[in-house]
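Read the numbers this way: they start at 1 and go in the same order the structure lists the ligands and their atoms. FYI, side chains are in, hydrogens and waters are out, and symmetry mates aren't considered; it's all heavy atoms of this structure. Keep in mind the model is a prediction, meaning the values are calculated, not measured.
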Amino acid sequence: GTSQAAEFNGDVDCLQQQQTKTKKPKMTNDDLVTVVVGTQWGDEGKGKVVDILATSADVVCRCQGGNNAGHTVVVDDVVYDFHLLPSGIIHPTCDVIIGNGVVVNLPELFHEIEKNAAKGLTNWQNRLKISNRAHLVFDLHMKLDGVQEMKRGRNSIGTTKKGIGPTYASKATRNGLRMCDLVGDFNLFTERFKNLIDYHNTSCPELALNVEEELEKYKLLREKVKPFVVDSVLYLNNAIKNGRKILIEGAQSTMLDIDFGPYPYVTSSNCSVGGVCTGLGIPPRNIGNVYGVVKAYLTRVGAGGFPTELLDDLGDLLQKRGAEFGVTTGRRRRIGWIDMVMLRYSHMINGFSAVAITKLDILDVLKEVKIGITYKLDGKPIESIPASDEDLKRVEVEYLTLPGWLTSTENVRKFEDLPENAQKYVRKIEELLNVPVKWIGVGQARSSIIQVF
Ligand code: GTP
C-alpha cells in the first residue's frame, strides 16, 4: 500500500523507527518493482511471461533497446507483435512507459501503434508515456547502420539495421537529440539536427540525406508525440511512492548485453538488470523480483561462437518445431542445447528470484535431451564463460544426457501432470542453476503455461 511504499522510499527515518519499535508490516519482494530479463541470446519468449505478470501490474515499462526487439503475444488467436511499445499496452488498465534508456524511432512507433490498433488495441492514448530524456532514432542512424555493417564485410555483427547502435553512439558522442529537444524550441532542434547531419556527412558522404525533408517530417511528428512526452523519472518514482505495481520488460538478453555479451556480437544497450536503473531512473533498492526467462534449448541469431550448437538434423527439427525465425528480421536462428555455463553466468549478473522455462513442448519429440554443464578451454576446465567470442568458439562442452519423454506436453497445466522425464529435465536445470522454476511454457497460446508455484 501507499504508506509502506513511502516508508521504503526513505521518507521515514530508519533509526527513529528502530527506537520507537513500532511494528510495521514488512515489505516483501512482491511489493517492489518486478523485472523480466532474458537469460540467453534473446527470443526466449519473454513476451508471454511479461503478459502474465502484466495482468496484475499498473505500469509496464521498457528501459533499453529500441524497435530492434520483438515480443509476440497471442491473445484469442490474435497475434500482436511489439517492437517499441511495452507489451503491457494490451492490458486495458495498464499504463506503459518508454523510458529514458530506450531509443525511439517515432515514425516506426506510430506505425506499430496503428498496426496494433487495427487488431483491437484500444485506449492507448491515455496510457502511453514517453520519456522526455529518450533519444531519437533518425533515418540518418538507420542509413549509418547499413553502411557500417557493409563496411565490416565478413566481420559483420548482424545488426538489425534499425539504427539502434548508431543512435546510442550519438548519445555517447553527445550530439544525439532527445524527446525534450523535439517538443521544445524547434529552432534549436533544427540547429542541433543540422549539426548531427554535418558531423556524419563529413565522415560518411555516401549518406546523402535530405535535411529539409527530414525536418518537415519531424515538425509533424512533434505535434503528434507531444501529448505523450513526460518526465518519466518523476512519473515512475511517484508511481512507486503511490504503491502502484510496476513491471519492467527487458528486451534482448543478457548474452547480448553490451558489457556482458560476447562483444562485438552484442546489442548497444545494457539488457541485463543494471539497465533497469539507468534506463528508468529508479533506485536499485526499489527492485524486488527479477525473473529470468530461459528457453528449454538455445538459439542464437547471426555470427559468433555457439558452444552447444546443433549442426545436424536435430537442430533442423528444433528450428522448424520452434519456428525459430526472427520477428524483426525474419532471419533463421541457430539452434543448440541448453547451456548451464551461460545460465549460471546470467544468474551471477542478474540475481534471479526465479526463472521461467519456455518452449518445453518443442522438445516433446526427442528420444534424449542434453544439458551443457561445463566448458573446457585448451583442455582445462574454465569456471565461467570466456569474455572473447574467439575463445567461446573454441570451448569444448561436457554434457549431461537425460531420457526424453516422447509425449505431448501442450495440454498439461500442472507440474505433476508432466511426463516424468520432462519433470526430471526441469528439476535438473533448477538444481544445476540453483534457482526455482516458477513457470513452464508448453505452447504458443497465452494459456499454454504451467505455474509451478
Ligand atoms: P526478444 O525480446 O526479441 O528477445 O523476444 P522474446 O523473448 O520476447 O520472444 P517472443 O516473445 O517473441 O517469443 C518467441 C516465440 O515463442 C513467440 O512466437 C511465442 O509465441 C513463442 N512461445 C513463447 N513461449 C512458448 C512456449 O512455451 N511454447 C511454444 N511452442 N512457443 C512459445
Expected output: side-chain Asn67 to main-chain His83 donor-acceptor under 3.5 Å: no
Short N or O distance, Asp361 and ligand 1, threshold 3.5 Å exclusive: yes
Nearest-option assignment for atom 16 (O) of ligand 1, heavy atoms, candidates Lys46, Lys359, Gln40: Lys359
Exercise: do Thr308 and Asp339 side chains pair donor with acceptor under 3.5 Å: no
From the candidates Glu410, Gln444, Glu324, the one that places a heavy atom nearest atom 20 (O) of ligand 1: Gln444
Backbone or side-chain N or O of Gly250 under 3.5 Å from ligand 1 N or O: no
Salt bridge present between Arg332 and Asp316 (N-O < 4.0 angstrom): yes
Test: Lys424 and Glu420 ion pair at under 4.0 Å: yes
Asp43 neighbourhood, listing ligand 1 atoms whose heavy-atom distance to it stays under 4.0 Å: 1 (P), 3 (O), 4 (O), 5 (O), 6 (P), 7 (O), 9 (O)
Side chain, backbone, both or neither: the part of Val50 lying under 4.0 Å from ligand 1 by heavy atom: neither
Polar proximity ligand 1 side, Gly441 side, N/O cut 3.5 Å exclusive: yes
Ion pair Asp391/Arg394, N-O distance below 4.0 Å: yes
Geometric N/O contact Val442 with ligand 1, under 3.5 angstrom: yes
Closest candidate by heavy atom, reference atom 26 (C) of ligand 1, pool Gly443, Ala356, Gly65: Gly443
Polar proximity ligand 1 side, Gly70 side, N/O cut 3.5 Å exclusive: yes
Any N or O of Arg333 closer than 3.5 Å to N or O of ligand 1: no
Of all pairs that satisfy salt bridge (Lys or Arg N to Asp or Glu O under 4.0 Å), the ones with a partner from residues 123-134, not counting sequence neighbours: Arg133-Asp231
